[in-house]
A.B. asks: 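Encoded as structure tokens, here's the structure I'll be asking about.
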Amino acid sequence: LWPWLLASSGLSALVQLVTLPFFPDSPSYLLIQKGNEEACRKAIRKLWGEGDHQAEIDDIVKEKGAVASTKTLRVLEVITERSLRWQLYFMMTVMTTLQLCGINAIYFYSFEVFHTAKFEEYLIPYVSLGIGLCECLSSILCSTLIDRFGRKVLLWGGYTLMCSVLALLTMTLSLQHQFFWMHYFSVILIFLFVVFYGSGP
């Protein structure tokens, strides 16, 4: 069953591959990059139906003017540009913490935690699948929360809760041989960590 389950992810890629030629190009791409206003109008009509779309075309023209007046920077210029320094630091911090937040360790050691929690061998892959499903659902939840609370609140909240869960998980894994119920608490914490990861960072 697992080989088929893994292969099923290729189904969505196949659907995209077959249907992509029938989708119109982006109107902004056609006007800004290609400079083809007629193709842009045709794409807008195909996307939004017949009607007067002059306001949208005017917006794209304004965007084209803004893009033309903006200087394109090379990587080295971005690094040395003083006005972009804080944005660069912020992006580097976010990406570094995302890589080092512990999600890979959780995925790597979850099988062992489930095994120690005395889950039946045949159930462990399904519990692992549940972790992935939790991440998927929490990511969908994040897309609705981000408009309401903003990115900064989700980042701070997510990382704070993830740190708390990791501290508790360290404690439960250390005490799992003294208290039998600690195994199950560790499993709950793993699921919570994944939820906080998906809905925060």
A.B. asks: Name all pairs fulfilling the ring pair (Phe, Tyr, Trp, His ring centres under 6.0 Å) condition that reach into residues 128-150, sequence neighbours left out, sorted by first residue then second.
C.D. replies: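 Matches after skipping sequence neighbours: none remain.
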A.B. asks: Does L84 form a side-chain contact (heavy atoms from CB on, under 4.5 Å) with Y89? I'd like the steps, not just the answer.
C.D. replies: CA-CA 9 Å; L84 299 174; Y89 289 157; over 6 Å; no
A.B. asks: When rounded to the nearest 0.5 angstrom, what distance separates OG in S28 from CD1 in I57?
C.D. replies: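 That separation rounds to 12.0 Å.
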A.B. asks: Taking side-chain contact (heavy atoms from CB on, under 4.5 Å) as the definition, give me every residue that meets it alongside S9, ordered by chain and number, with sequence neighbours left out.
C.D. replies: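 side-chain contact (heavy atoms from CB on, under 4.5 Å) check on S9 returns nothing, list empty.
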A.B. asks: Return all side-chain donor-acceptor pairs below 3.5 angstrom for residues 154-167, not counting sequence neighbours, or 'none' if the list is empty.
C.D. replies:
residue	atom	partner	partner atom	Å
Y159	OH	T97	OG1	3.0
Y159	OH	L98	N	3.3
T160	OG1	W156	O	2.6
S164	OG	T160	O	2.9

A.B. asks: Is there a path of hydrophobic side-chain contacts, each under 4.5 Å between heavy atoms, that joins L100 and I103?
C.D. replies: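 Different clusters.
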A.B. asks: Quick check for you: to the nearest 0.5 Å, what is the distance between M171 atom CE and L173 atom CG?
C.D. replies: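 CG of L173 is found 10.5 Å from CE of M171.
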A.B. asks: In Å, rounded to the nearest 0.5 Å, how long is the span from CG of L123 to NE2 of H115?
C.D. replies: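 So the CG of L123 and the NE2 of H115 are separated by 13.0 Å.
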A.B. asks: Mind checking the OH-CD1 spacing from Y126 to I131? Nearest 0.5 Å is all I need.
C.D. replies: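 The distance works out to 15.5 Å.
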A.B. asks: Side chains of E56 and W48: closer than 4.5 Å at any heavy-atom pair?
C.D. replies: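 Yes, close enough: below the 4.5 Å cut-off.
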A.B. asks: Answer with yes or no whether the hydrophobic clustering places M95 together with F90; edges join I, L, V, M, F, W, Y residues whose side-chain heavy atoms lie under 4.5 Å apart.
C.D. replies: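 Both belong to a single hydrophobic cluster.
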A.B. asks: Tell me which donor-acceptor pairs under 3.5 Å the side chains of residues 133-146 have, and how far apart each pair is, sequence neighbours excluded?
C.D. replies:
residue	atom	partner	partner atom	Å
E135	OE1	Y107	OH	2.2
S138	OG	C134	O	2.9
S138	OG	E135	O	3.0
S139	OG	E135	O	2.8
S143	OG	I140	O	2.5
T144	OG1	L141	O	2.6

A.B. asks: List the atom pairs, with distances to 0.1 Å, where a side-chain N or O of residues 177-197 and a protein N or O form a donor-acceptor pair under 3.5 Å, not counting sequence neighbours.
C.D. replies:
residue	atom	partner	partner atom	Å
H183	NE2	Q176	O	3.4
S186	OG	T172	OG1	3.0
S186	OG	M182	O	3.0

A.B. asks: State yes or no: do F111 and V113 share one hydrophobic cluster built from I, L, V, M, F, W and Y residues joined by side-chain heavy-atom distances below 4.5 Å, directly or via other members?
C.D. replies: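 Linked, F111 and V113 end up in one cluster.
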A.B. asks: Any chance you could measure R74, atom CZ, to I79, atom CD1, to the nearest 0.5 Å?
C.D. replies: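 Going from CZ on R74 over to CD1 on I79, the span is 13.0 Å.
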A.B. asks: For residues 29-40, dump all side-chain donor-acceptor pairs below 3.5 Å to protein atoms at least two apart in sequence or in another chain.
C.D. replies:
residue	atom	partner	partner atom	Å
N36	OD1	E38	N	3.4
N36	OD1	A39	N	3.1
E37	OE2	R41	NH2	2.9

A.B. asks: Looking at CG of D25 and NZ of K46, how far apart are the two atoms once the value is rounded to the nearest 0.5 Å?
C.D. replies: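 Separation between the atoms: 9.5 Å.
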